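Okay, structure first, notes after.
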Amino acid sequence: MKIETSNYNIFLTNDDFSSFKNNIKNVYNGSKIFIVTQKNIYHLYHEKIKVALDEFEIKFVFCKTKDFKNYKKTIDILLKNKIQKHHLLVSLGGGVVGDLTGFIASTIFRGIKYVQIPTTLLSQIDSSIGAKVAIDLKKGKNLVGNFYNPALVLIDLKFLETLSKKEYNSGLGEAIKMAILFDKKLYEEIKRTIFLNINQIRKIIEIKLAVVKKDPFDENFRKTLNFGHTFGHIIEKRGKYKKYLHGIAISYGMLIALKIGNKLSLTDKNLYNDLYHLLILKGLISPNNNLLEYDKFKKDLIYDKKITDKGIDFIFLKKIGVPLIKNIRIEKLWNKLKYYHQQFLEKLK
Ligand SMILES: NC(=O)c1ccc[n+]([C@@H]2O[C@H](COP(=O)([O-])OP(=O)(O)OC[C@H]3O[C@@H](n4cnc5c(N)ncnc54)[C@H](O)[C@@H]3O)[C@@H](O)[C@H]2O)c1
């Protein structure tokens, strides 16, 4: 199925990549394609991709991470293989490959055409949608980046068949976040679903597109997508980006945000339990996990990117489908947190 945006098209399919060739031909009339990917993805898919894109001359280029070293290294390989401004760059991989390739596309020769082929659930519903591309620096994630539209996004659910449960769940955490933020019906539907189906994935993509359309440069409303991210990022970092994958970390982060929302009387009281049980049911969080005891995160909170001179832009949820951005003074937030935590401990006695 085709999802149109004002700048490019997204094709969402489950047909063994058979529509890739014609869709690419509609946006690119050259013959040479440079595909940036990771070795494991190459081994799983290069034969099928070669068959699907048999009319093109393909050069595969490998990357590992999306740091500055890999950015430079990948550009060097592309130049060594004589990439030119009129050639097409394609990302074949998850958010890491997509973000890196998109950033390369936006900077090499001051911008060349590129196509995203996202292969993880997270990249299919999130990172390939919305034009954000970036690389990580030693000082932090996504510190250098751009807004750069792809010419096309080709999503085939076939890729998800080889994805590990851990990686799938990470994407599912993001999917649940989108649903609870903006679509009650979808949220309830996900409760009854084992694997997201193509219509549910389409809905999540459309939600993200609608948010991006309202605020393309992340100045206001798009910040609502950061629900669960204030504490989620801390948890992700504490696990050295390996132990708790992004969607898992933000699952804990969403629960913490609901707790704080309860304390400040900003959140529907039933939401915490509802989401908690859903996340347990889906295996995204484990019960009795001390990650919800956010007391110990105080030190890390001050490094949050959403901190302004006045405080922190915190994303609350009033009720399902109604997010709220509220700037809170850090001390105020912390006093409330401490208070709530004490009450929580009292209850356990
Ligand atoms: N640009 C954005 O708007 C945006 C939004 C959210 C996240 N991100 C970025 O996305 C990145 C995370 O992306 P991710 O979760 O896709 O992780 P990832 O790209 O690291 O992929 C996860 C792992 O799955 C493997 N893999 C990919 N596709 C596979 C497949 N089909 N079968 C088997 N294995 C496969 C990868 O090789 C990798 O080892 C982060 O760097 C994050 O900053 C960007």
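The structure displayed is predicted, hence computed values, not measured ones. Each ligand, and each atom within it, is numbered from 1 in the order the structure gives.
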Do any N/O atoms on T120 end up under 3.5 angstrom from N/O atoms on ligand 1? yes

For atom 23 (C) of ligand 1, which protein heavy atom lies nearest, and how many Å away is it? E167 OE2, 3.4 Å

Atom 3 (O) of ligand 1: closest protein heavy atom, distance to 0.1 Å, is K132 CB, 3.7 Å

The complete set of ring-ring contact (aromatic ring centres under 6.0 Å, His included) pairs with one or both residues in residues 129-152, sequence neighbours excluded, reads F147-F217

Which residue supplies the protein heavy atom nearest to atom 39 (O) of ligand 1, what is that atom called, and how far is it? N40 ND2, 3.9 Å

May I ask you to test the M1-R202 pair for a side-chain heavy-atom distance under 4.5 Å? yes

Where do F20 and F11 land on the ring pair (Phe, Tyr, Trp, His ring centres under 6.0 Å) test, with the steps shown first? CA-CA 9 Å; F20 279 12; F11 288 91; 9.7 Å; no

Only pairs at least two apart or in different chains count here, so list each salt bridge (Lys or Arg N to Asp or Glu O under 4.0 Å) that has a residue in residues 269-291. K191-D274

Atom 20 (O) of ligand 1: closest protein heavy atom, distance to 0.1 Å, is V96 CG2, 3.3 Å

Is ligand 1 under 4.0 Å from a heavy atom in the side chain of N142, in the backbone, in both, or in neither? side chain

Could you see which bit of L44 sits under 4.0 Å from ligand 1, with heavy atoms only: side chain, backbone, both or neither? side chain

Among side-chain atoms of T267 and N262, is any donor-acceptor pair under 3.5 angstrom? no

Residues L266, I260; criterion side chain to side chain contact (heavy atoms under 4.5 Å, CB included); working and verdict: CA-CA 8 Å; L266 292 169; I260 299 167; over 6 Å; no

Can you pull out the closest protein heavy atom to atom 4 (C) of ligand 1? Residue, atom name and distance to 0.1 Å, please. S127 CB, 3.2 Å

For N220 and K214, which I'm curious about, is there any donor-acceptor pair between the side chains at under 3.5 Å? no

Kindly say whether the aromatic ring centers of F314 and F316 come within a distance under 6.0 Å. yes

Could you tell me whether S170 and ligand 1 have an N or O pair separated by under 3.5 Å? no

Please report which non-hydrogen protein atom sits nearest to atom 40 (C) of ligand 1, along with the residue it belongs to and the distance in Å to one decimal place. K141 NZ, 3.7 Å

Are Y168 and F195 near enough that their ring centres are under 6.0 Å apart? yes

Report the part of V133 in contact with ligand 1, treating N, CA, C, O as backbone and CB onward as side chain, heavy atoms under 4.0 Å; options are side chain, backbone, both, neither. neither

Would you mind listing which atoms of ligand 1 come within a distance below 4.0 Å of any non-hydrogen atom of Q38? 36 (C), 37 (O), 38 (C)

Provide, to 0.1 Å, the distance between atom 10 (O) of ligand 1 and the closest protein heavy atom, together with that atom's residue and name. G95 CA, 3.3 Å

Please find out if less than 6.0 Å separates the ring center of Y252 from that of F231. no

Looking only at non-hydrogen atoms, the one of L160, D218, T162 nearest atom 33 (C) of ligand 1 is T162

Once you restrict to heavy atoms under 4.0 Å, what part of I129 touches ligand 1? Side chain, backbone, both or neither. neither

Ligand 1-proximal atoms of E174, by part, heavy-atom distance under 4.0 Å: neither

Polar side chain donor-acceptor pair, E189 to Y187, under 3.5 angstrom: no

Which ligand 1 atoms does F159 reach within 4.0 Å, using its non-hydrogen atoms? 30 (C), 31 (N)

Are N7 and T5 linked by a side-chain donor-acceptor pair shorter than 3.5 Å? no

Nitrogen or oxygen of D99 less than 3.5 angstrom from that of ligand 1: yes

Just by distance, with hydrogens left out, do Y45 and T119 show a side-chain donor and acceptor under 3.5 Å apart? no

Show which atoms of ligand 1 fall inside a sub-4.0 Å distance from at least one heavy-atom site of D126. 5 (C), 6 (C)

Just to be sure I read this right, does ligand 1 sit under 4.0 Å from the backbone of T119, its side chain, both, or neither, counting only heavy atoms? both

Atom 34 (N) of ligand 1: the protein heavy-atom neighbour that sits closest, reported with distance to 0.1 Å: L163 CD1, 4.0 Å

